[in-house]
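The structure appears below as structure tokens.
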Number of protein chains: 2
Amino acid sequence: MPETASRPTLEAVAARAGVSRATVSRVVNGGNGVRKPLAERVRRAVEELGYVPNQAARSLVTKRNDAVAVIIAEPETRIFADPYFGLQLRGISKELTAHDTQLVLLLTEGRDDYARVGRYLAGGHVDGALVFSLHLDDPLPGMIQRAGVPTVFGGRPGWSDGTHKVVYVDSDNRGGAREAVRHLVGLGRTRIGHITGALDQTSAVDRLDGYRDVMGDADPRLVVESDFTPAGGERAMRTLLDRCPDLDAVFAANDLTASGALRVLRERGLRVPEDVAVVGFDDMLPVAEQTEPPLTTVRQNIEEMGRLMARLLLRGLDRDASGETVDDLPHSVVLPTTLVRRASA
Amino acid sequence: MPETASRPTLEAVAARAGVSRATVSRVVNGGNGVRKPLAERVRRAVEELGYVPNQAARSLVTKRNDAVAVIIAEPETRIFADPYFGLQLRGISKELTAHDTQLVLLLTEGRDDYARVGRYLAGGHVDGALVFSLHLDDPLPGMIQRAGVPTVFGGRPGWSDGTHKVVYVDSDNRGGAREAVRHLVGLGRTRIGHITGALDQTSAVDRLDGYRDVMGDADPRLVVESDFTPAGGERAMRTLLDRCPDLDAVFAANDLTASGALRVLRERGLRVPEDVAVVGFDDMLPVAEQTEPPLTTVRQNIEEMGRLMARLLLRGLDRDASGETVDDLPHSVVLPTTLVRRASA
DNA sequence: ATGAAAGCGCTAACAC
DNA sequence: GTGTTAGCGCTTTCAT
């Protein structure tokens, strides 16, 4: 398309307002140190010409991009079956928008993509990065660290080289798991099983730890490793039932897993919650509210996590700019979870 | 952060390779018209210095951004409860990545955001836009058209000024609906109800039209307007049942709605599919596979839609660059759907 | 085939 | 306060 008659430049506005480019620039960037009437004249010229600053030219001199990358590395399609992804993005987007910062989305799946992302980051296209690091052996955090791009992680990364300080925002997976299991205990349950998530993700490990915090050294057969999927949940539930027929409750690592477990329970003719109480994790609405019976589960404030990630990153960037001391580095944040009671436990 | 020792420039590479900046530029951009050995020397210098072109500087002169905006306007949180959003993005991302184009995500919710998006687009930050236009009265398409940014829509926009040609990618909602209803008819059902989606979205209208294509002027009480939500589905199902107790099948505008309907059916002691067969739309996995019974539904290839949107846009941009005639403008595409049979019908 | 030089549109010293 | 000026890093004629 004939890029509709190239847009007006600073120069044009300056001419129209009868001032210098510098003055226009000042006005456009906040207008400090420009006398009222002059500024007004400039603003009118801007208005009339429909002037919009050229970001490329600006970046070239300021060395800022006013853009941050959001990197979502998820080889599996799991994350895309997950509405949380969208909520998280929404939270991030809101915060970035409020700071006139653009969101560049980088989705990866596979090694080649990693190289590409590495190059992009190293290319200085963005001022910072927000990364969802989902697997323990993920090379991404290392690459990012090396690229020297300020970063905030979503979920505690299962990675640390001890020297660099990583900043992350996470839900209190362990605490939430404890609350879930305690709830079950409060219901009088004693044979409480746990279906874990994929243990190469810290969230799964933390939830397992929370379970153990409450159950101590309970019968180890009560814990079955799974993978956060409904099918995995079904399999694990069968195993659990075969191993421990006297089971009276299950804490599943997430709602998807729980839904699979519920199906097996129903299939075996066990009543929920009468025979076996079930608690999930996530409060993934389309799932948790639709199961039969609806799921008691641990809710995390996903959107808030996203917002916080963005806020921490932006604060870090501002700090850079204003040259504060390193001690002001933003700290990681762990958000509380809440138990949502429905019919399953 | 002390932006880790500012990155090497073209100049530096040129010096190291003992050539001019122009030559390095040529090599970096494909290397046409540069003799082999020289090019090789330059490439080595690039490698050694870890040179990455400064996109801002490049954009400044080329007037291309190698970035496109993805605009998702969804006032409701509905879209975020919807995994399709992610799939769509994945498709888009794959295609853009293959063309070295960045994805700038613009999420909007509310009028102020619209102005912001308008400004952004007018600012020439991106070469094109991919827009999910979900509501009939959405002002976004108009704004975009005015900004003169090449655009491809996701889903047929319920908007047209007759003069501008809009390019979109959509699923064959009408055809899919027809197939769903025909399937029900093939099952011997005669009293087939329809719970519509939000009728300010073309997808809902098209699905209703598909239903009517098959059912003709059936009892109008068989159609109940709803809103794509589970709660809406419940309400609509109750209405439907009260109005037409002899109902023997329901085609719901999407899976979420269907899941609500299923719940009401169960609550009323009606068996699915024996008493009432149910078909949904979307094949939203976490829902369709988890309902009791699992949902027969119409699947759309969401990821492919995304990929196609990006492809059409990029093709359009290339066309601009190569100055082909207007007749080569990409055309809209409607993707076929497929009926997925599960237990509910 | 390669190099020299002229900007792209903007900001930030520095003068006045 | 406001204007002048010197680049930011790159591509792209235009010479050679």
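Throughout, a chain's letter reflects where its sequence line sits, starting with A, and its residues are numbered from 1. Source: prediction; values computed, not measured.
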Report task. Check each residue of residues 47-59 of chain B for a non-hydrogen atom within less than 4.0 Å of any atom in DNA chain D, then write out the ones that pass by number, or none. Result ->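 Under 4.0 Å from DNA chain D: B:Tyr51, B:Pro53, B:Asn54, B:Ala57, B:Arg58.
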Report task. Using a cut-off of strictly less than 4.0 Å between a heavy atom of the residue and any atom of DNA chain D, enumerate the qualifying residues of residues 18-25 of chain B by number. Result ->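 Going residue by residue through residues 18-25 of chain B, the ones with a heavy atom under 4.0 Å of DNA chain D turn out to be B:Arg21, B:Ala22, B:Ser25.
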Report summary line: Contacted region of DNA chain C by chain A, from 5' end to 3' end of the hits, cut-off under 4.0 Å to heavy atoms, spans C:dG9 to C:dA13
Query raised in the report: Mapping B:Leu38 and A:Leu60 to their closest nucleotides on DNA chain C, which lands nearer the 5' end?
Result: B:Leu38
Report task. Shoot me the first and last contacting nucleotide of DNA chain D against chain A, ordered 5' to 3', at under 4.0 angstrom to non-hydrogen atoms. Result ->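 That gives a stretch of D:dG1 to D:dG9.
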Query raised in the report: Could you give the distance from CD (A:Gln55) to OG1 (A:Thr62), rounded to the nearest 0.5 Å?
Result: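 With rounding to 0.5 Å, CD (A:Gln55) is 7.0 Å from OG1 (A:Thr62).
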Query raised in the report: Nearest 0.5 Å, what's the CG-CD1 distance between B:Leu87 and B:Ile92?
Result: 11.0 Å
Report task. Look only at the side chain of B:Asp127 and the backbone of B:Val68, and say whether a donor-acceptor pair between them is shorter than 3.5 Å. Result -> no
Report the residues that fulfil salt bridge (Lys or Arg N to Asp or Glu O under 4.0 Å) with [X], sequence neighbours left out, ordered by chain and then residue number.
X	result
B:Arg44	none
B:Asp113	B:Arg116
A:Arg307	A:Glu303, A:Glu304

Query raised in the report: Shortest non-hydrogen contact from B:Arg90 to A:Leu107?
Result: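 Shortest heavy-atom separation between B:Arg90 and A:Leu107 comes out as CA-CD2, 3.8 Å.
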Report summary line: Nearest heavy-atom contact between B:Thr9 and B:Tyr51 is C-CE1, 3.6 Å
Query - Set of ring pair (Phe, Tyr, Trp, His ring centres under 6.0 Å) partners for A:Tyr120, sequence neighbours left out - result: A:His125
Report task. Tell me, with the steps shown, if A:Arg7 and A:Val52 meet side chain to side chain contact (heavy atoms under 4.5 Å, CB included). Result -> CA-CA 8 Å; A:Arg7 299 174 303 112; A:Val52 185; 3.8 Å; yes
Distance-only check: which donor-acceptor pairs under 3.5 Å involve side-chain atoms of residues 96-105 of chain B, not counting sequence neighbours?
unit_1, atom_1, unit_2, atom_2, d
B:Thr97, OG1, B:Ser93, O, 2.8
B:Thr101, OG1, B:His99, O, 3.0

Query raised in the report: Could you give the angle between the helix axes at the two ends of the helix from C:dA1-D:dT16 to C:dC16-D:dG1, with five pairs per end, rounded to 10 degrees?
Result: 30°
Query - All side chain to side chain contact (heavy atoms under 4.5 Å, CB included) counterparts of A:Arg156, not counting sequence neighbours - result: A:Tyr168, A:Asp170, A:Thr202, A:Asp206
**Report entry** Pairwise side-chain contact, A:Val169 with A:Ser332, heavy-atom cut-off 4.5 Å (strictly under)
**Finding:**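 Contact flag for A:Val169/A:Ser332 side chains = no.
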Query - Heavy-atom check, side chain of B:Val42 versus side chain of B:Val19, under 4.5 Å - result: yes
**Report entry** Contact list for residues 21-35 of chain A, test side chain to side chain donor-acceptor pair (under 3.5 Å), sequence neighbours left out
**Finding:**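 Every pair satisfying side chain to side chain donor-acceptor pair (under 3.5 Å) with a residue in residues 21-35 of chain A: A:Ser20-A:Thr23, A:Ser25-A:Asn29, A:Asn29-A:Arg58.
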